[in-house]
2 protein chains.
Amino acid sequence: MDKYDVLKLDNQLCFPLYAASREVVKKYHPLLSRLDLTYTQYITMMVMWERREISAKEIGERLLLDSGTLTPVLRSLEKKGLITRKRADSDERVLLCTVTPAGMELREQAVGIPTELAGCVALSPEEARSLYHLLYKLLGRE
Amino acid sequence: MDKYDVLKLDNQLCFPLYAASREVVKKYHPLLSRLDLTYTQYITMMVMWERREISAKEIGERLLLDSGTLTPVLRSLEKKGLITRKRADSDERVLLCTVTPAGMELREQAVGIPTELAGCVALSPEEARSLYHLLYKLLGRE
DNA sequence: GCCGATTCGATTGAATTCAATTAAATTATA
DNA sequence: TATAATTTAATTGAATTCAATCGAATCGGC
């Protein structure tokens, strides 16, 4: 036991968090490529399916993404015809995003993905619940 | 309760994993910038501090990173004088990385980081342990 | 109305991240 | 020994990711 043990990879909490996140996103790849979506585009569409019309700022708050990440994602979703982007009448600084009918249709093809992915995860339902709560606690959201 | 509930952001396990990973890496940023290291460079140096001499392939296995990510990281660490890169005599395909004296000295400045970061994390020791084990289980490594 | 502060989105630049491919070297097999 | 298969890095290309900065629009106090 020496003072450098705190710097061992196996003693880090952050590393498995970082690695697990990348591994799970990687598992989504084959499923999402069938919908021609990246993972970031997918979670953005999740917000759009829930809210139908929402400002770019609110999307960023929900996903914890800043505009440097979100701006190209939203543009790409608009280019695919899944959302529209327009300035709000009441405040020209606000970018309003609205899901299109084609965007809503995509939800039909996406509905199988969560269960399909759950099959790839080696956690019991209680473990998954426990992990979920710990992560939200880590995010300072409960 | 309709069939689209599985697509709600709040019902995803992957999203808080993805968001928490980015948030925690972001917390490292001010600490690591004092060492002129990015997070990826930091965990690579952790491996180097433990192993002193190791092949690029083994680093990738340890960090779950492929060569497309690792190659520029190793080059950058060499450029800073923290490691050296050379081909193995026994097998020219193997890239051997060795930590330099300057690289070992950097460990002295890094040793405070884990405890400094622990202060930013709102989890009790038991919760942290529990999260650690769940993440390694998710990674299929226990 | 006027001016400074704030908000919002876009832009830029550096670093990841990974799939897919290539190239070189080694090993295994006929 | 030839040839095929495998291993290991490197390269390429597309998409993130975020810090820092900018410009336009709005808001607040006077």
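Values below: all heavy atoms of this structure, side chains included; hydrogens, waters and symmetry mates excluded.
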How close or far is atom C1' of C:dG9 from atom CG of A:L95, stated in whole angstroms? 7 Å
B:K3, NZ atom: more than 12 neighbouring heavy atoms under 6.0 Å: yes
Using the closest heavy atom to pick a nucleotide of DNA chain C for each, name whichever of A:L96 or B:T40 lands nearer the 5' end. A:L96
Rounded to the nearest angstrom, tell me the gap between atom CD in A:Q41 and atom C1' in D:dA14. 11 Å
Please name all residues satisfying ring-ring contact (aromatic ring centres under 6.0 Å, His included) with A:F15, sequence neighbours left out, ordered by chain then number. none
Just the rounded figure in Å: distance from P of C:dT16 to NZ of A:K26. 16 Å
Does a distance-only test, which skips hydrogens and angles, find a donor-acceptor pair under 3.5 Å between the side chain of B:R22 and the base of D:dT17? no
Whole-Å distance, A:R93 CZ to C:dA10 C1', equals 14 Å
Mutual orientation of the aromatic rings belonging to B:Y39 and B:Y28 [parallel < 30°, tilted 30-60°, perpendicular > 60°]: tilted
Without decimals, in angstroms, what is the distance between A:Y18 OH and D:dC18 C1'? 14 Å
Do you see a donor-acceptor pair shorter than 3.5 Å between the side chains of A:Q12 and B:Y42? no
For A:K27 and C:dC18, give me the distance from atom NZ to atom P, rounded to whole Å. 12 Å
Ignoring hydrogens and angles, state whether a donor on the side chain of A:T84 or A:E78 is under 3.5 Å from an acceptor on the partner side chain. no
When the distance from OH of A:Y28 to P of C:dC18 is rounded to whole Å, what number comes out? 16 Å
In whole angstroms, how far is the C1' atom of C:dT16 from the CD1 atom of B:I43? 11 Å
Using the rule that two of Ile, Leu, Val, Met, Phe, Trp, Tyr join whenever any of their side-chain heavy atoms come within less than 4.5 Å, decide whether B:V94 and B:L70 are in one cluster. no
The correct set of residues in residues 55-87 of chain B placing a heavy atom under 4.0 Å from DNA chain D is B:S55, B:A56, B:K57, B:S67, B:G68, B:T71, B:R75, B:R85, B:R87
